[in-house]
Peer 1: 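Can you read through this structure? Questions will come right after.
We count ligands from 1, going down the list as the structure has it; atoms in each ligand are counted the same way. Side-chain atoms are counted along with the backbone in the values below, which use heavy atoms only and exclude waters and symmetry mates.
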Amino acid sequence: MSSRIYDCIVKINETIQTNKDFLTDLDREIGDADHGVNMARGFNAVIEKLNADDADIGGALKKTGMTLLSTVGGASGPLYGTAYMEAGKVVQGKTEITKEDFGEMLRVAIEGIQKRGKAEKGEKTMLDSLLPAYDVYMEKINGGEDLLGALEAACEEAEKGIEYTKTIRATKGRASYLGDRSIGHQDPGATSATLTLETIRDFLKG
Ligand code: ADP
Ligand code: MG
């Protein structure tokens with residue numbers, strides 16, 4: 001039998017593969033048309049590296065991050081790689097997680113992305129979905145909401161974050177070369193980050 005964390009990462013991979021062309025097309029508008037290709041290559045390698053019976057959530061996430069780091073070129077590889085590795089570190093050895101754990105995983109993942117990429121909110125990156133998603137997640141669990149309920153609210157904020165990226169100019173990453181011409185387009189990384197959160201939500205629902 002396969003482990004829950006393995007099954008969840010398999011679902012994330014399926015989402016990435018299904019949205020490979022969509023993410024690449026978004027990146028064609030404001031980047032170099034490789035975001036979907038990058039993510040799809042990375043997650044194919046992740047699935048090859050993982051064992052179906054890997055039950056340690058931290059271990060599986062660290063393996064995921066290290067594989068993304070070593071197989072995905074571009075900005076998103078190191079950023080997502082760091083995010084998964086950092087999230088894995090805080091649940092090392094655990095086969096189940098609490099809503100507080102998940103909040104901490106999100107927090108350190110975002111912190112890792114910011115340490116590496118030096119971006120803040122409002123620069124038209126994945127952080128424009130992740131930061132508001134994290135904020136509402138914490139607000140919800142502190143108010144007594146359970147993991148799934150809080151994650152549902154987080155996904156709604158992440159979607160709003162995608163919409164927000166359409167209204168702003170990119171000041172980090174390749175899209176920043178376009179200046180004002182980046183306005184009007186949604187950010188590919190904010191889109192893949194939102195799709196990832198939504199896949200985890202759907203996995204927990206199922
Ligand atoms: P590249 O831009 O090197 O071709 P990808 O196309 O795979 O890499 O990824 C582009 C995405 O990476 C962007 O849409 C953006 O969300 C994200 N990104 C780029 N630079 C940063 C950064 N400094 N911080 C956070 N996210 C970033
Ligand atoms: Mg690109």
Side-chain angles (χ1 to χ4, degrees), residues 9 12-47 61 64-87 105-135 137 154-155 157-200:
I9 296 170
I12 295 174
N13 176 49
E14 283 173 14
T15 296
I16 296 295
Q17 304 302 334
T18 305
N19 289 282
K20 177 180 167 184
D21 292 343
F22 171 53
L23 294 170
T24 293
D25 288 344
L26 292 176
D27 194 33
R28 183 170 292 117
E29 300 291 328
I30 56 170
D32 56 351
D34 65 357
H35 186 55
V37 176
N38 285 342
M39 297 295 289
R41 186 193 316 117
F43 271 90
N44 273 330
V46 165
I47 296 302
L61 292 176
T64 299
M66 281 165 62
T67 306
L68 292 177
L69 265 173
S70 62
T71 56
V72 184
S76 61
L79 294 171
Y80 273 113
T82 303
Y84 279 95
M85 275 175 55
E86 293 300 324
M105 290 160 80
L106 275 179
R107 190 185 72 77
V108 298
I110 291 170
E111 191 177 77
I113 291 169
Q114 290 195 290
K115 255 193 199 145
R116 243 184 202 265
K118 312 274 180 243
E120 304 287 340
K121 188 163 180 277
E123 300 207 75
K124 202 180 182 95
T125 72
M126 56 180 73
L127 291 165
D128 291 315
S129 283
L130 291 172
L131 285 168
Y134 169 71
D135 286 346
Y137 180 88
C155 288
E157 288 307 306
E159 285 285 352
K160 284 186 210 161
I162 294 177
E163 292 306 310
Y164 170 58
T165 64
K166 291 181 186 171
T167 69
I168 57 177
R169 185 165 58 94
T171 49
K172 281 283 184 316
R174 265 177 213 284
S176 66
Y177 307 154
L178 290 181
D180 283 346
R181 280 183 292 138
S182 65
I183 297 173
H185 302 281
Q186 82 188 55
D187 181 61
T191 309
S192 59
T194 301
L195 287 168
T196 303
L197 291 176
E198 289 172 341
T199 304
I200 300 169

Peer 1: Against heavy atoms of Leu79, which atoms of ligand 1 measure under 4.0 Å?
Peer 2: 18 (N), 21 (C), 22 (C), 24 (N), 25 (C), 26 (N), 27 (C)

Peer 1: Just to be sure I understand the site: which N, O or S atoms from the protein are less than 2.8 Å away from the Mg ion (ligand 2)?
Peer 2: Asp27 OD2, Asp32 OD1, Asp34 OD1

Peer 1: Just so I know, are the side chains of Leu106 and Leu197 near enough to count as touching, which here means a heavy-atom distance under 4.5 Å?
Peer 2: yes

Peer 1: Give me the nearest non-hydrogen protein atom to atom 23 (N) of ligand 1 as residue plus atom name, then the distance to 0.1 Å.
Peer 2: Gly117 O, 2.9 Å

Peer 1: So, is Met126 polar-close to ligand 1, with some N/O to N/O distance under 3.5 Å?
Peer 2: yes

Peer 1: Check whether any side-chain heavy atom of Glu111 sits under 4.5 Å from a side-chain heavy atom of Gln114, and report yes or no.
Peer 2: no

Peer 1: Between the main-chain N or O of Ile16 and the side-chain N or O of Asn19, is there a donor-acceptor pair closer than 3.5 Å?
Peer 2: no

Peer 1: Starting from atom 7 (O) of ligand 1, which protein heavy atom do you reach first, and at what distance in Å?
Peer 2: Ser76 OG, 2.5 Å

Peer 1: Which of the atoms in ligand 1, numbered in the order shown and given with their element, are less than 4.0 Å from a heavy-atom of Asp34?
Peer 2: 4 (O), 5 (P), 6 (O)

Peer 1: Identify the protein heavy atom lying closest to atom 13 (C) of ligand 1, giving its residue, its atom name and the separation to 0.1 Å.
Peer 2: Asp187 OD1, 3.5 Å

Peer 1: State whether the side chain of Ser182 and the backbone N or O of Ile30 hold a donor-acceptor pair below 3.5 Å, judged by distance alone.
Peer 2: no

Peer 1: Any sub-3.5 Å donor-acceptor pair from Thr165's side-chain atoms to Ile162's backbone N or O?
Peer 2: yes

Peer 1: Can you tell me which residue and heavy atom of the protein come closest to atom 20 (N) of ligand 1, and the distance to 0.1 Å?
Peer 2: Gly173 CA, 3.6 Å

Peer 1: Report yes if some heavy atom in the side chain of Met85 is under 4.5 Å from a heavy atom in the side chain of Leu69; otherwise report no.
Peer 2: yes

Peer 1: Please examine the side chains of Glu123 and Ser176, heavy atoms only from C-beta on, and report whether any two atoms are closer than 4.5 Å.
Peer 2: no

Peer 1: Can you find a heavy atom in the side chain of Leu195 that is under 4.5 Å from one in the side chain of Glu198?
Peer 2: yes

Peer 1: Does this structure show an ion pair linking Glu163 with Lys166, if we count only N-O contacts that are shorter than 4.0 Å?
Peer 2: yes

Peer 1: Test side chain to side chain contact (heavy atoms under 4.5 Å, CB included) on Thr191 and Gln186 and set out the steps.
Peer 2: CA-CA 8 Å; Thr191 309; Gln186 82 188 55; 3.1 Å; yes

Peer 1: Hey, are the side chains of Leu127 and Lys121 touching, using non-hydrogen atoms and a 4.5 Å cut-off?
Peer 2: no

Peer 1: Please check if the side chain of Asp27 supplies one atom and the backbone of Leu23 the other of a donor-acceptor pair under 3.5 Å.
Peer 2: no

Peer 1: May I ask you to identify the nearest protein heavy atom to atom 5 (P) of ligand 1, giving residue, atom name and distance to one decimal place in Å?
Peer 2: His35 ND1, 3.5 Å

Peer 1: Looking only at side-chain N and O atoms, does Tyr80 offer a donor or acceptor that is under 3.5 Å from a partner on Thr196?
Peer 2: no

Peer 1: So if I count the atoms of ligand 1 from 1 in the order they appear, which ones are less than 4.0 Å from some heavy atom of Asp32?
Peer 2: 4 (O)

Peer 1: Run the numbers for me: atoms of ligand 1, each under 4.0 Å from some heavy atom of Ala119, listed by number.
Peer 2: 24 (N)

Peer 1: If the cut-off is 4.0 Å to any non-hydrogen atom of Asp27, which atoms of ligand 1 fall inside it?
Peer 2: 6 (O)

Peer 1: What atoms in ligand 1 come closer than 4.0 Å to a heavy atom of Gly189?
Peer 2: 13 (C), 14 (O), 16 (O)

Peer 1: If you measure every N/O of Lys118 against every N/O of ligand 1, is any gap under 3.5 Å?
Peer 2: no

Peer 1: Measure the distance from atom 3 (O) of ligand 1 to every protein heavy atom, then report the residue, atom name and distance (to 0.1 Å) of the closest one.
Peer 2: Ala75 N, 2.7 Å

